[in-house]
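Each remark here refers to the structure printed beneath this line.
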Protein chains: 2
Amino acid sequence: MNVGEVAALAGVTVRTLHHYDRIGLLSPSGRTAAGYRQYSPADLDRLHQVLLYRELGFPLEEVATLLDDPSADPAVHLRRQHRLLQDRLERTQAMVAAVEKEMEARSMGISLTPEERFEVFGDWLPEEYAAEAEEKWGGTEAWAQSQQRTRAMTKDDWLRVKAETDDVEARFAAALRDGVPADGETAMGLAEEHRQQISRNFYDCGYEIHAGLGRMYVEDERFTAHYEGIAPGLAQYVSTAVQANAARHGG
Amino acid sequence: MNVGEVAALAGVTVRTLHHYDRIGLLSPSGRTAAGYRQYSPADLDRLHQVLLYRELGFPLEEVATLLDDPSADPAVHLRRQHRLLQDRLERTQAMVAAVEKEMEARSMGISLTPEERFEVFGDWLPEEYAAEAEEKWGGTEAWAQSQQRTRAMTKDDWLRVKAETDDVEARFAAALRDGVPADGETAMGLAEEHRQQISRNFYDCGYEIHAGLGRMYVEDERFTAHYEGIAPGLAQYVSTAVQANAARHGG
DNA sequence: CTTGACCCTGACGCGACGTCAGGCCGCAGC
DNA sequence: GCTGCGGCCTGACGTCGCGTCAGGGTCAAG
């Protein structure tokens with residue numbers, strides 16, 4: 001199939017398909033001698049996934065990493081999409097309820113407080129991220145604790161927590177810069193501080209959990225990006241330090 | 001309240017409020033001596049409306065025209081939002097169903113046709129516009145006819161229809177330019193052609209309906225914009241011609 | 001062998017902000 | 001009184017996901 005047909009079938013414009021091709025999100029599996037894009041059924045499959053994730057609000061770059069993850073087979077995507085769609089359903093229902101509440105209030109001559117009226121917008125920002133996080137960690141004790149504690153935090157609390165975190169990260173970066181070994185006493189000390197910070201602010205972070213986190217810093221691109229954004233090599237450095245510290249206490 | 005507080009309450013960034021101020025969508029009702037934005041409760045009300053419409057996918061400019069329409073009291077907005085949210089609910093449910101269908105198909109080893117898989121995306125483009133249109137005309141016979149006929153149209157059909165329409169509109173513009181009276185024989189002839197075109201291509205357009213359409217050309221800004229984009233004064237001209245033609249046949 | 005629909009690749013534009021940069025408030029603490 | 005330090009201000013440029021030409025090749029039908 002050529003672009004026009006695919007566009008008509010999927011309900012997108014040709015330009016959109018060009019765009020997806022250029023950014024590498026969906027490149028047709030073939031071209032004719034004249035350079036015409038040729039889409040295979042597999043390409044259509046992928047397009048379908050792309051459109052679903054897009055509809056759910058994912059930035060295209062993230063859609064690409066999701067779909068290119070070789071450890072995620074189609075069933076994983078379907079389950080995730082199902083969950084995200086149900087989240088959206090709940091959210092929409094909440095908004096419907098809010099509007100109905102307001103209509104009723106109006107008809108009774110009452111007026112709602114600003115807090116009441118904005119609450120449906122308030123904590124939903126991470127529609128997709130929250131869903132993903134819950135998929136990974138939902139149901140665990142740590143997750144529940146974290147949810148409960150962070151919900152109670154004020155803006156000042158957040159700023160304090162962020163300052164603490166920034167501090168430790170900066171000292172990690174300094175250690176890396178100065179050539180301090182990642183599995184040495186100093187770096188392990190920082191790792192321990194890091195662990196205690198998490199325990200204080202989010203959830204009881206034991207050594208095994210901390211070691212798991214450490215692994216994620218080099219495996220999950222979002223964490224990796226965070227640390228590499230501070231200093232190149234920092235993700236690996238922190239990961240090593242955290243795991244060394246865990247090993248020391250664990251065994 | 002100053003920007004920061006409003007932003008925190010509504011779950012948006014300060015930058016967003018700056019933006020809404022600059023484009024005139026939501027300008028705080030006051031400023032302090034130092035130039036600090038001061039938001040009143042009424043401003044918060046408006047912000048709430050803005051965020052709801054935004055969430056529903058309306059471009060900000062359109063949100064502004066909706067909210068600035070003096071003929072639309074708060075209740076109108078609430079009803080519209082309620083309808084749009086319910087549309088979204090239905091649509092999301094359809095998508096959930098589609099994903100479930102696909103999961104089942106996969107588990108049975110069957111695979112769906114491309115058409116089946118994309119159909120949920122297909123005809124939904126005008127989430128909001130379609131909803132608005134249906135709100136106005138839904139349930140009428142003309143609406144149903146139009147829906148049925150346009151669904152059956154191929155791309156070529158659309159092009160042909162568009163060419164026809166463009167032709168009549170160009171002749172209307174020429175008449176206007178040449179100073180031909182809008183309620184004269186020539187202009188009424190064009191109006192009659194216009195009416196028959198609609199009847200052929202969309203729905204049985206009698207004289208009363210046509211007269212109603214004519215009124216809309218000067219009352220609904222979208223129609224007005226369309227005609228004024230062709231030639232200044234054309235909206236009024238066509239409107240007059242159409243109504244004169246209807247009056248001639250009606251009485 | 002032309003015509004008209006369809007395809008290609010730039011390249012610029014746009015909406016709705018994000019993200020600095022440079023500088024002015026406002027109030028707490030010394 | 002001064003000095004931070006967070007919050008606010010106004011530009012101004014960057015980003016994302018395309019829309020929209022411009023200039024030109026391709027292909028099936030007549």
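Keep in mind that what you see is a predicted model, and the values were worked out from it rather than measured. Within every chain, numbering begins at 1; the chains are lettered A, B, ... in the order of the sequence lines, protein sequences first and strands thereafter.
Nucleotide C/dC8 holds its P atom 9 Å from the CG atom of A/D21, rounded to whole Å. Here D/dG6 presents its P atom at 17 Å from CD of B/E5, a figure rounded to the nearest Å. Remark: P of D/dC16 and CD1 of A/I23 are 10 Å apart, rounded to the nearest angstrom. For the pair A/Y39 OH and C/dC7 P, the computed distance is 10 Å after rounding to whole Å. A/Q38 has its CD atom 13 Å from the C1' atom of C/dC6, to the nearest Å. Whole-Å rounding puts the A/H19 NE2 to D/dC16 C1' distance at 7 Å.
Residues B/N2 and B/R22 both approach DNA chain D. Their nearest nucleotides, taken by heavy-atom distance, put B/N2 toward the 5′ side.
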Could you list the protein-to-nucleotides 20-24 of chain D atom pairs, N/O on both sides, closer than 3.5 Å?
{"unit_1": "D/dT20", "atom_1": "O4", "unit_2": "A/R15", "atom_2": "NE", "d": "2.8"}

Could I get a table of every N or O pair under 3.5 Å where one atom is in the protein and the other is in nucleotides 25-29 of chain D?
{"unit_1": "D/dG25", "atom_1": "N2", "unit_2": "A/Y36", "atom_2": "OH", "d": "3.0"}
{"unit_1": "D/dT26", "atom_1": "O4'", "unit_2": "A/Y36", "atom_2": "OH", "d": "3.2"}

| said: Please evaluate residues B/E55 and A/M95 with respect to the criterion side chain to side chain contact (heavy atoms under 4.5 Å, CB included), reporting the C-alpha separation (whole Å), side-chain torsions for both, the decisive distance (0.1 Å), and the verdict. | reply: CA-CA 10 Å; B/E55 171 78 30; A/M95 292 181 65; 3.7 Å; yes

| said: Between B/R37 and B/D43, is the salt bridge (Lys or Arg N to Asp or Glu O under 4.0 Å) condition met? List the steps. | reply: CA-CA 11 Å; B/R37 270 164 261 253; B/D43 295 335; over 6 Å; no

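Take A/L60 and apply the side-chain contact (heavy atoms from CB on, under 4.5 Å) test, not counting sequence neighbours, and it matches A/H19, A/Y20, A/I23, A/L25, A/R54.
Neither OP1 nor OP2 of D/dG7 sits under 4.0 Å from any side-chain N or O of B/R37. Listed pair B/H18 / C/dC17 fails the phosphate criterion, with no side-chain N or O lying under 4.0 Å from OP1 or OP2. In terms of phosphate contacts, A/T16 brings no side-chain nitrogen or oxygen within less than 4.0 Å of OP1 or OP2 of D/dG17.
Applying side chain to side chain contact (heavy atoms under 4.5 Å, CB included) to B/V12 and the options B/L17, B/V50, B/V6 leaves one that passes, B/L17.
Looking at every heavy atom in both residues, A/A10 comes nearest to A/L47 through CB-CD2, 3.6 Å.
Panel note: side chain A/D87, backbone A/L84; no donor-acceptor pair is recorded below 3.5 Å.
At a threshold of 4.0 Å, the pair B/D68-B/R46 counts as salt-bridged, since one of the basic side-chain nitrogens sits closer than that to a carboxylate oxygen.
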